[in-house]
Asks: 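Okay, handing you the structure first.
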Amino acid sequence: MPSQLSLVPPPAPRRQAAPALVVVAHGSRDPRALSTVRALLDRVRALRPDVPVHLGHIELNAPLLPDTLAALGDTEAVLVPLLLSRGYHVKQDIPEMAAAASARTHLAAPLGPHPLLVDALQARLTEAGWPAQMDEATRRTSAVVLAAAGSRDPDAKTDTGCTAHLLAARLGVPVIPAYASAAAPTVQAAVRTLVARGRHRIALASYFTAPGRFATECAQAAPWIAAAPLGTHPSMARLLLHRYDEALTASPAVPELASA
């Protein structure tokens with residue numbers, strides 16, 4: 001006869017915890033930026049309750065990324081930049097902070113370019129008054145300026161230009177990228193170029209992850225409607241998780257790269 005102990009089922013194997021998702025934001029002196037980022041992270045948590053979600057800033061706001069990584073100890077984490085293109089922060093700052101931490105980190109790509117960003121840009125334009133349907137005569141006089149922060153890194157300009165191309169294909173009108181700093185053209189210069197081409201209904205698409213000084217200044221230069229920043233649009237949460245999953249399947253952890 002079997003003993004009572006033999007009738008007890010073995011304990012179920014413990015399910016391995018999902019690696020942490022660390023969203024790496026730039027940081028801003030505008031308090032609206034931090035509240036927007038936190039609300040976006042709440043959307044991410046609602047989509048994937050099994051994934052621990054953390055926030056780390058490159059500068060200006062707490063928690064700073066090194067502090068977030070230190071709190072994680074030697075656990076596995078995926079760093080997803082809440083940034084829209086390649087540039088110094090993606091290529092230098094974030095990898096250096098990751099390499100200095102004891103956590104086993106994977107580095108994800110920046111959010112852009114990606115069709116999900118175009119979904120969010122189009123939705124923000126529609127909210128601001130961009131017509132869902134447009135006749136051909138109106139289309140021939142309409143255009144969009146895609147306002148971005150700007151960077152001296154040519155890859156950042158390439159990435160923003162790619163997003164402008166995707167948005168133009170979606171809307172069926174010209175889209176010119178413009179920059180708040182460090183790159184040309186400015187929003188004002190892009191508007192002048194479009195007006196010279198006979199485009200007089202010019203909307204501004206705000207290619208910023210959250211409100212801030214640059215987004216506000218660009219919006220003030222809009223000759224017609226100005227869309228809100230991408231913010232907490234559902235596509236942003238989905239894209240953060242897409243980059244998280246992509247990094248886990250595509251790259252080894254940073255310590256392995258360093259030892260190799």
Side-chain angles (χ1 to χ4, degrees), residues 21-28 30 32-34 36-37 40-41 43-44 55-61 65 79-95 107-125 144-170 175-187 190 204-219 226-244 246-247:
L21 164 55
V22 179
V23 175
V24 185
H26 181 275
S28 171
D30 190 319
R32 296 173 299 169
L34 181 55
T36 299
V37 172
L40 176 59
L41 266 59
R43 280 190 175 271
V44 173
L55 174 62
H57 292 94
I58 296 169
E59 59 182 358
L60 298 176
N61 292 121
L65 179 57
L79 276 56
V80 182
L82 188 61
L83 301 170
L84 300 173
S85 62
R86 292 168 292 172
Y88 187 83
H89 294 313
V90 171
K91 296 179 179 180
Q92 298 292 328
D93 286 337
I94 297 174
L107 304 181
L111 300 187
H114 196 278
L116 284 169
L117 288 176
V118 179
D119 292 346
L121 287 166
Q122 183 181 21
R124 293 297 187 225
L125 283 168
V144 172
V145 172
L146 181 67
S151 170
R152 293 183 180 86
D153 191 312
D155 287 336
K157 197 166 187 178
T158 297
D159 291 345
T160 305
C162 181
T163 298
H165 178 77
L166 292 172
L167 184 60
R170 178 77 61 88
V175 177
I176 292 183
Y179 304 95
S181 70
T186 62
V187 170
L204 183 132
S206 187
Y207 200 41
F208 297 94
T209 56
R213 179 170 66 90
F214 284 163
T216 300
E217 290 174 355
C218 289
L230 300 165
T232 59
H233 189 276
S235 292
M236 294 290 286
R238 290 170 55 203
L239 184 51
L240 283 167
L241 287 167
H242 170 70
R243 292 301 193 208
Y244 167 86
E246 189 178 59

Asks: Would you name the heavy atoms of Pro234 and Arg43 that are closest together and state the gap between them?
Replies: CG-NH1, 3.8 Å
Asks: Any chance you could measure Thr160, atom OG1, to Asp155, atom CG, to the nearest 0.5 Å?
Replies: 10.5 Å
Asks: Quick one: does any side-chain atom of Arg124 pair with a main-chain N or O of Pro229 as donor and acceptor, under 3.5 Å?
Replies: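 Present.
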Asks: Could you tell me the separation between the CG atom of Leu241 and the CE atom of Met236, rounded to the nearest 0.5 Å?
Replies: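 Reported value, rounded in 0.5 Å steps: 12.0 Å.
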Asks: Flag the pair Leu84 / Thr163 as yes when at least one side-chain heavy-atom distance between them is below 4.5 Å, and no otherwise.
Replies: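 Leu84 does not reach Thr163 side chain to side chain.
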Asks: Side chains of Ser85 and Pro110: closer than 4.5 Å at any heavy-atom pair?
Replies: no
Asks: How close do Ala190 and Ala178 get, heavy atom to heavy atom, and via which atoms?
Replies: CB-CB, 3.9 Å
Asks: Which value, rounded to the nearest 0.5 Å, describes the distance between Arg243 atom CZ and Leu111 atom CG?
Replies: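 Result: 6.5 Å between the selected atoms.
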Asks: What closest approach, in Å, do Ser151 and Ala156 show between heavy atoms, and which atom pair accounts for it?
Replies: CB-CB, 3.6 Å
Asks: Among Val187, Leu204, Leu121, which residue satisfies the side chain to side chain contact (heavy atoms under 4.5 Å, CB included) criterion with Leu146?
Replies: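 Exactly one candidate clears the test, Leu121.
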Asks: As a test of understanding, state which of Arg86, His89, Lys91 forms a side-chain hydrogen bond (donor to acceptor under 3.5 Å, both in side chains) with Asp153.
Replies: Lys91
Asks: Not counting sequence neighbours, list each pair that qualifies as a side chain to side chain donor-acceptor pair (under 3.5 Å) and has a residue in residues 175-184.
Replies: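 The answer is none; no pair qualifies.
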Asks: Which pair of non-hydrogen atoms, one from Tyr207 and one from Leu230, has the smallest distance, and what is that distance?
Replies: CD1-CD1, 4.2 Å
Asks: Going from CZ on Arg32 to CG on Leu34, what distance comes out if it is rounded to the nearest 0.5 angstrom?
Replies: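 Nearest 0.5 Å value for the CZ-CG distance: 13.0 Å.
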Asks: Quick check: closest heavy atoms across Ala33 and Pro211, and the distance to 0.1 Å?
Replies: CB-O, 3.5 Å
Asks: What is the distance from atom CZ of Arg213 to atom SG of Cys218, rounded to the nearest 0.5 Å?
Replies: 10.0 Å
Asks: I'd like to check Thr209 versus Val37 (side-chain heavy atoms, cut-off strictly below 4.5 Å). Are they in contact?
Replies: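 SC-SC contact between Thr209 and Val37 ruled out.
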Asks: Which atom pairs, one a donor and one an acceptor, fall under 3.5 Å between side chains of residues 113-120 and the rest of the protein, sequence neighbours left out?
Replies:
{"unit_1": "His114", "atom_1": "ND1", "unit_2": "Leu116", "atom_2": "N", "d": "3.0"}
{"unit_1": "Asp119", "atom_1": "OD1", "unit_2": "Arg170", "atom_2": "NH1", "d": "2.9"}
{"unit_1": "Asp119", "atom_1": "OD1", "unit_2": "Arg170", "atom_2": "NH2", "d": "3.0"}

Asks: How close do Phe208 and Ala147 get, heavy atom to heavy atom, and via which atoms?
Replies: CE1-O, 3.3 Å
Asks: Does the side chain of His26 come within less than 4.5 Å of Leu83's, by heavy atoms?
Replies: yes
Asks: Hey, could you give me the CD1/CG distance between Ile176 and Leu167, rounded to the nearest 0.5 Å?
Replies: 12.5 Å
Asks: Can you check whether Leu79 reaches Leu65 side chain to side chain, under 4.5 Å on heavy atoms?
Replies: yes
Asks: Taking everything shown except His165 itself, do over 12 heavy atoms lie less than 6.0 Å from its NE2?
Replies: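 No, the 6.0 Å shell around NE2 holds no more than 12 heavy atoms from other groups.
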